[in-house]
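Beneath this line is the structure, given in structure tokens, with notes to follow.
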Amino acid sequence: MISRGGGSIMRGGRIRPPRRPAASSNNPVDEFEQCWEKLKEAFHDIHTRNAGKLSFEQLYRYSYKIVLKKAGAKLYERVKQFEEQWFADEIIPPIRALITTNLVSVTLDEARGTSVVERRAMGEKFLKGVRTSWENHNMSMNMIADILMYLERGYDRDHSHPLIYATTIGLFRDHILRSSLKENGSNCQVFDILNATIIDQINMEREGDVIDKALLRSCTSMLEDLFETDDENPQEQLYLTTFEPIYLESSRAFYKTEYEKLIREADAAAWLRHTQRRLAEEAERCQTTLSQFTLQKINKVVEEELIVKHVEEFLGLEGSGIKAMIDNERLEDLRILYQLLARVDVKKNVLRKVLSARVVELGTEIEQVLKGTDFSVAQQANDEEPVDGAEKSKPKTLTAAAQQTAAAVKWVDDVLGLKDKFDILWSTCFEQDLILQTALTKSFSDFINSFDRSSEYVSLFIDDSLKRGIKGKTEAEVDNVLDKAITLLRYLGEKDKFEQYYQKHLARRLLHSKSESQEVEQEMISRMKRELGNSFTQKFEGMFRDMRTSKETTEQYRDHIRGLGDADEKRIELSISVLAGNNWPKEVMGRTGLADGPKAKAIYPREIQGLQDSFFKFYSINRNGRILTWLGGAGSADIKCLFPKVPGKTTGPLNRDRRYEINVATYGMIVLMLFNDIAEDEWLTFEEIAEQTNIPQPDLINVLTSLSVIKQYRVLLKESQTKSAAKPGDRFTFNREFVSKTIKIKVPSINASNRVENDEERQETDKKNEETRMYITDAAIVRIMKQRKELGHSSLISEVIEVLKTRFKPDVSLIKRRIEALIGRDYLERSELDDGSPAYQYVA
Amino acid sequence: MAPPSTTQKAAVASFVSITGASDKIATRFLKTSGYKLNEAVDAFFQASANTSHPNKLVQLAKLFDSLRNDAEDQKDVLGADSSMQYLNSIGVDLEGASLFLAMELVQAPTIGEITRDGFIKGWNTPGVETKIESQKQYFKRLTTSMSTDRDLFRKVYRYAFVVGKEGDQRALSLDNAIVYWEMLFKKPGQAWVGSIAGVDWLAEWIAFLRENWTRSVSRDMWNQTFEFATKSMQDEALSFWSEDGAWPGVIDQFVAWYRRKSEMDVDA
């Protein structure tokens, strides 16, 4: 249903004129005064805490009336005046009374005549006074503002005045805090006193006193509620503009002194804990006593004064600095240190630097210790054999070599120990920080690579582990050893060098069956493969493959011989290793650079020659055109020896024939066979043996020495009968009186064990390595240029480095030299890029 | 048609001085090549070689024969003595850069040997009559232009390596190289001396090599030495050199050596 509009008016029938307000007839001024009078009384009551009987509605109406009469401005002024008056009469005097000369002098002039207790009491009293008057005022102002709500709504807004509340609150700031203290004889404001007192209280707390935190908190929150101007701009809280700067400054001064105290005590651990405590305290203080706004800033002050500016000084302290922390594994210290430094510097530069330095220092120390050890060994050796340095006593060098190997193992162990140590620090103290990990890795690899034997030592370590180290160990332990090896390998910069050594050592292990476990060997290889890629382990795998196929070949050959039905009693068992030339180290393959000229072939005994021919025939059945070279230096032989009964001896072992199975190096076998053909008491000279066997001299020396010097294996007698190595000019004969407790005798071959190289060998290895690098670099350059046709100089250099860096760190000068050489050989041509920068062109 | 600009005029002048042709011909060739002097000259020689009088070739062959000493020389080669005689007669300084200029001109296989082929091709130049005297004139002009014409000088310099090395060796011996450098890097060639402070680079270079270099001088080293020389004439502080540059190792070493040496000189 639709009602008709205006129906009610029509029904009412009349329109009343608006009623004039009753007051309109009165004099507006009088009415204002009346209302104001009421309000004033009420205000007075409010201030005197006597507001219980007041009627809010009544009072509100007064202010409402006044505003309606357009007298808002006047009311505004009156209220202000009233409050000012009130301050002057009622509030300021008691506060002034609290500001005793004593307080002023204590807080501002730092006169420390009074005791702490006294000072605290005095400060507290003052602060309490301020707080009380503030709270009263604030409460009063709230009430008054409520009463004058209409004024605020109707008048303040329109005339863009600050709110009455803000204004009246501001009065507190202007009349109390900013009131000058001229009459007290100092030219500062109450404000200064207030700030100073608060800070004084805080400093007391820092010194260990208990203070009234709530009191301070209410004072600071008062400052938070007050603003620079009545506009109440949040950026201009008095707390932020006035108190905080002073507070921060005084804190800075405080911590400066604190630092001086700490450095005098010179204890980094104490410094760490102290700083940590201070930071926690400051954080708590901001929660309970001051304002959260300050937290960041005060933290920064403490961090700067106690950490950033002096961290190096503290870390450098003897006895408690970073060195002591690391050396004595003061984990707690380091943990705190990390936390402190992490908060001041995301990149942890300082920590990174000291850690790296320490790692390198300790690493170098390991090297130094090692050098010391080496030195003493060498010394010993020299003392015991003063003459002929060329012919070193073999047993002696053997032990020296063993010691050197031990040194290598020790080096590796030490390095790994160091690594473990820093790993622990890293995971327990440094929160597994990635930046620090990178830094540690880098410094490890730095010092490891600065040690020129590292590649060799790592390989020796693996060699040692695989030969003996893993005996009787559980799988997990073996795993651990492999892990260690890989860890070290990762650090090595010159991986090509390592490859060479590893190849050499592996060859020895395989050929002499020194390896403890095939499985572990394979595992090692596959780990290397995972770590360094396929190409790195290619040769090693080839070596294993050779060994496997050799085993098969041996079997097949045995079957083949059996198939011939040639049941020869004197048949010689052959176990052959067919080695592919590329995979095996040159030393083994008889192409050592030490010997000058092509190596003469050793002359094998007739029996053996027959065997060789027979095998070669067999081998060629399936593999036509291959050439076999017999490497006497790499194999070994089992010989059954008959030592006939010695006439005239009636007792003891010499009384009867003795049969021994002797395992000697292949060359040893050749030498021993010679003595089959000669009369019983005939002697052969070194030269005769050399001539008849054609064994290279160094090998012959080794073989003869091993057969004639050490008592347990003295199958041959040497004249002169000394303990030194066999040498040209010596004479040898069959040792008829040889006795051994065991039937099977393994004559250790000198030089067969992997050991640290001597200087000459090392030079040789280095030279070889240099050459290999040259070829590799050449190949890399040509490969790149072939693909690119034309390439700028710097791009070529960086691409080559990129390609080579997995193997070694090529230096630019090497690459440049190789480029020049390739230009000389017309592989490349100089050219220019469009921008005129130098470039090279591939010449097809 | 716009009157020729100054650069164009200069181009014409150099064209004339190189080829000995008339201004008119010079302008024609330069115009077709867009005033690129080198291209124009090449085009000119190409054209003239094609169109040149067969007569001239015969004359040149005759001249060649007249220079030959039947008793000593092979049919198509002037031996050492005849060559020297001839070179002297056209005014070649056997101790200076002009020797290599002449060698380059006739594409001699080695110093002191001139082939018939090279002789005829080299002298089949329009505007040069087949007479010793006019060859001498032309050669003199060429010699003077060597000190300003970098390309010509570079061609001569590079040829010095070819003609200077012995037989089928790939490199020059250091001693020979030094002799050649001394011949080339002085008038009428270009002196290897700093243009501002007058550093005697040639002396420094030779001193350095005598002190530190025991190997022979490869073609690359020879050619790069020229590049280095021309640059170091302009820039005595060697600021064009950089470790990361493509300079051969020997030049890197030289720079290091020179800098160390000058530092010591300052200290002393």
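The chains referred to below are lettered A, B, ... by the order of the sequence lines, with proteins before strands, and numbering in each begins at 1. Not measured: the values here are computed from a predicted model. Just so you know, these numbers use all the heavy atoms, side chains as well, and skip hydrogens, waters and symmetry mates.
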Point to revise | CD (A/Glu531) with more than 12 external heavy atoms under 6.0 Å | key: yes

Review point. Quick check: are there more than 12 heavy atoms from other residues, nucleotides or ligands sitting under 6.0 Å from CZ of A/Arg490?
Key: yes

Study note, to complete from the structure: Cut-off 4.5 Å, heavy atoms of chain A, and the answer for B/Arg219 is neither

**Study point:** Closest heavy-atom pair and its distance - A/Glu820, B/Pro248
**Key:** OE2-CA, 2.9 Å

Exercise for review: Kindly check if the number of other-residue, nucleotide or ligand heavy atoms within 6.0 Å of NZ (A/Lys539) is above 12?
Suggested key: no

Point to revise | Leading residue by heavy atom contact count with chain A [cutoff under 4.5 Å; candidates B/Gly245, B/Gly249, B/Ala171, B/Ser218] | key: B/Gly245

Practice item. May I ask you to check whether over 12 heavy atoms, not counting those of A/Tyr827, lie within 6.0 Å of atom OH? Key: no

**Study point:** Part of A/Arg817 lying under 4.5 Å from any heavy atom of chain B
**Key:** neither

Check your understanding: Quick check: are there more than 12 heavy atoms from other residues, nucleotides or ligands sitting under 6.0 Å from CD of A/Glu771?
Key -> yes

Check your understanding: Backbone N or O of B/Trp247 within a donor-acceptor pair of the A/Lys816 side chain at under 3.5 Å?
Key -> yes

Point to revise | Ion pair A/Arg825/B/Asp220, N-O distance below 4.0 Å | key: no

Check your understanding: Does a sphere of radius 6.0 Å around NZ in B/Lys186 hold more than 12 heavy atoms from other residues, nucleotides or ligands, not counting ones at 6.0 Å or beyond?
Key -> yes

Point to revise | From B/Gln224 atom CD to A/Ile823 atom CD1, the distance as rounded to the nearest 0.5 Å | key: 7.0 Å

Practice item. Working to the nearest 0.5 Å, report the span between CG of B/Asn223 and CZ of A/Arg830. Key: 9.0 Å

